Amino acid sequence: MTKGRITGAVILRPGLLKTYERTGGAHTTPLVSPALGAKVFITGITSFEPNAAIAFHSHNCEESVVLLEGKAALDIEGCEHVLQTLDTTWIPPNVSHRFRNLSEIDPMKILWIYGSIDASRTLTETGITKSISAEQQETPAC
């Protein structure tokens with residue numbers, strides 16, 4: 001990470017940052033956060049192993065996701081939407097959805113942006129809600 005001396009601007013290098021394991025074969029690297037001075041939004045990168053899928057969930061704020069690499073599906077409102085590299089989604093608050101890696105051999109990677117530093121994730125099946133920031137305090141992946 002490189003930080004500007006006067007402005008506080010930051011350059012993040014994801015390959016040098018801590019990555020956290022999630023369920024379903026996903027690994028998340030937090031990027032912009034309140035720890036850096038963010039006041040309005042947070043961002044990160046989630047990598048999916050081949051055939052990985054995260055559970056259906058929703059957020060308490062807007063979310064935008066950009067497919068950085070691989071082939072993905074967004075399951076939302078009973079429909080499957082196949083995504084190609086650089087396709088971008090916008091999901092309103094409280095809408096259940098999930099992302100899946102459609103490849104049996106290649107990884108998939110997304111950039112996510114939440115419209116609140118207090119973003120949370122609620123699992124659709126269980127109703128369990130966790131803060132996105134709290135998830136990033138759990139066990140780092142190797």
Side-chain angles (χ1 to χ4, degrees), residues 1-4 7-142:
M1 174 176 73
T2 305
K3 192 164 189 173
T7 64
V10 175
I11 297 171
L12 298 165
R13 304 196 189 282
L16 302 176
L17 300 175
K18 194 178 288 189
T19 296
Y20 297 86
E21 271 190 69
R22 291 182 50 197
T23 59
H27 309 276
T28 294
T29 304
L31 298 172
V32 175
S33 70
L36 295 177
K39 306 253 188 274
V40 178
F41 66 92
I42 59 175
T43 69
I45 293 172
T46 299
S47 300
F48 292 69
E49 297 170 5
N51 283 327
I54 56 177
F56 276 95
H57 63 280
S58 60
H59 303 284
N60 62 333
C61 61
E62 298 174 312
E63 176 186 27
S64 183
V65 170
V66 179
L67 179 62
L68 298 176
E69 65 182 52
K71 187 174 179 186
L74 165 63
D75 297 319
I76 189 169
E77 298 180 331
C79 296
E80 174 188 79
H81 301 275
V82 175
L83 306 175
Q84 303 298 322
T85 304
L86 300 182
D87 283 354
T88 302
T89 68
W90 174 77
I91 303 168
N94 306 310
V95 175
S96 182
H97 62 280
R98 74 173 180 174
F99 289 90
R100 293 182 289 122
N101 184 351
L102 295 178
S103 176
E104 295 182 6
I105 55 173
D106 294 319
M108 179 203 51
K109 191 178 290 186
I110 61 172
L111 167 70
W112 47 262
I113 302 145
Y114 294 115
S116 170
I117 60 170
D118 297 316
S120 65
R121 176 182 295 107
T122 300
L123 297 178
T124 304
E125 186 175 323
T126 65
I128 294 172
T129 299
K130 287 189 177 182
S131 162
I132 300 295
S133 296
E135 289 179 352
Q136 297 164 2
Q137 304 304 315
E138 295 173 4
T139 309
C142 297

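Computed from a predicted structure; not experimentally measured. The figures here come from the full heavy-atom set of this structure, side chains too, leaving out hydrogens, waters and symmetry mates.
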Completion exercise
Closest non-hydrogen contact found for L67 with K109 is CD1-O, 3.5 Å
Practice task
Can you measure from CD1 (I113) to SG (C61) and round to the nearest 0.5 angstrom?
Solution key: 11.5 Å
Handout entry: Distance, nearest 0.5 Å, that separates CD1 of I132 from OG of S116
Key = 10.0 Å
Exercise for the section: Search all heavy atoms of F41 against all heavy atoms of Y114 and return the closest pair with its distance. Expected result: CB-O, 3.1 Å
Problem - G8 to V10 - nearest heavy-atom pair and separation - result: O-CG2, 3.3 Å
Exercise for the section: Please round to the nearest 0.5 Å and tell me the distance separating atom NZ of K130 and atom OG1 of T122. Expected result: 11.5 Å
Practice task
Applying ring-ring contact (aromatic ring centres under 6.0 Å, His included), name anything that partners F48, two or more places apart in sequence or on another chain.
Solution key: none
Practice task
Would you name the heavy atoms of G25 and A52 that are closest together and state the gap between them?
Solution key: O-CB, 3.6 Å
Problem - Residue pair N101, E49: steps toward the side-chain contact (heavy atoms from CB on, under 4.5 Å) verdict - result: CA-CA 7 Å; N101 184 351; E49 297 170 5; 6.0 Å; no
Handout entry: Donor-acceptor contact present, side-chain H97 to main-chain H57, <3.5 Å
Key = yes
Which pairs would a plain distance check flag for residues 80-88, meaning a side-chain donor or acceptor within less than 3.5 Å of a matching protein atom at least two apart in sequence or in another chain?
from: E80; atom 1: OE2; to: R100; atom 2: NH2; distance (Å): 2.4
from: D87; atom 1: OD2; to: Q84; atom 2: N; distance (Å): 2.8
from: T88; atom 1: OG1; to: L86; atom 2: O; distance (Å): 3.2

Handout entry: side-chain contact (heavy atoms from CB on, under 4.5 Å) between E62 and W90, intermediate numbers included
Key = CA-CA 7 Å; E62 298 174 312; W90 174 77; 3.2 Å; yes
Problem - Side-chain (T43) to main-chain (V32) donor-acceptor, under 3.5 angstrom - result: yes
Exercise for the section: Can you sort out the partners of P34 under side-chain contact (heavy atoms from CB on, under 4.5 Å), two or more places apart, ordered by chain and number? Expected result: I42, I117
Problem - Under 3.5 Å: donor-acceptor pair, side chain of D75, backbone of R98 - result: no
Handout entry: Main-chain N/O of V65 paired with T89 side-chain donor or acceptor, under 3.5 Å
Key = yes
Practice task
Please test T29 against T19 for side-chain hydrogen bond (donor to acceptor under 3.5 Å, both in side chains), starting from the C-alpha separation and ending with a verdict.
Solution key: CA-CA 4 Å; T29 304; T19 296; 2.7 Å; yes
Exercise for the section: Side-chain contact test, heavy atoms from C-beta onward, threshold under 4.5 Å: evaluate it for N60 versus T129 and give yes or no. Expected result: no
Problem - Approximate separation, where rounding is to 0.5 Å, of S96 OG and I76 CD1 - result: 8.0 Å
Fill in the blank from the handout: CG of N94 to OG of S58, rounded to nearest 0.5 Å, is 5.5 Å
Handout entry: Heavy-atom closest pair, residues A55 and L123
Key = CB-CD2, 4.3 Å
Handout entry: Distance-only side-chain donor-acceptor flag, T28 / T46, under 3.5 Å
Key = yes
Handout entry: S120 backbone acceptor or donor facing H59 side chain under 3.5 Å
Key = yes
Fill in the blank from the handout: Output for pair (F56 CZ, T126 OG1), nearest 0.5 Å, gives 14.0 Å
Exercise for the section: With the side chain counted from C-beta on, respond yes when E104 and P50 share a heavy-atom pair under 4.5 Å apart, and no when they do not. Expected result: no
Completion exercise
Looking only at heavy atoms, the pair that brings I45 and P14 closest together is CD1-CG, 4.0 Å
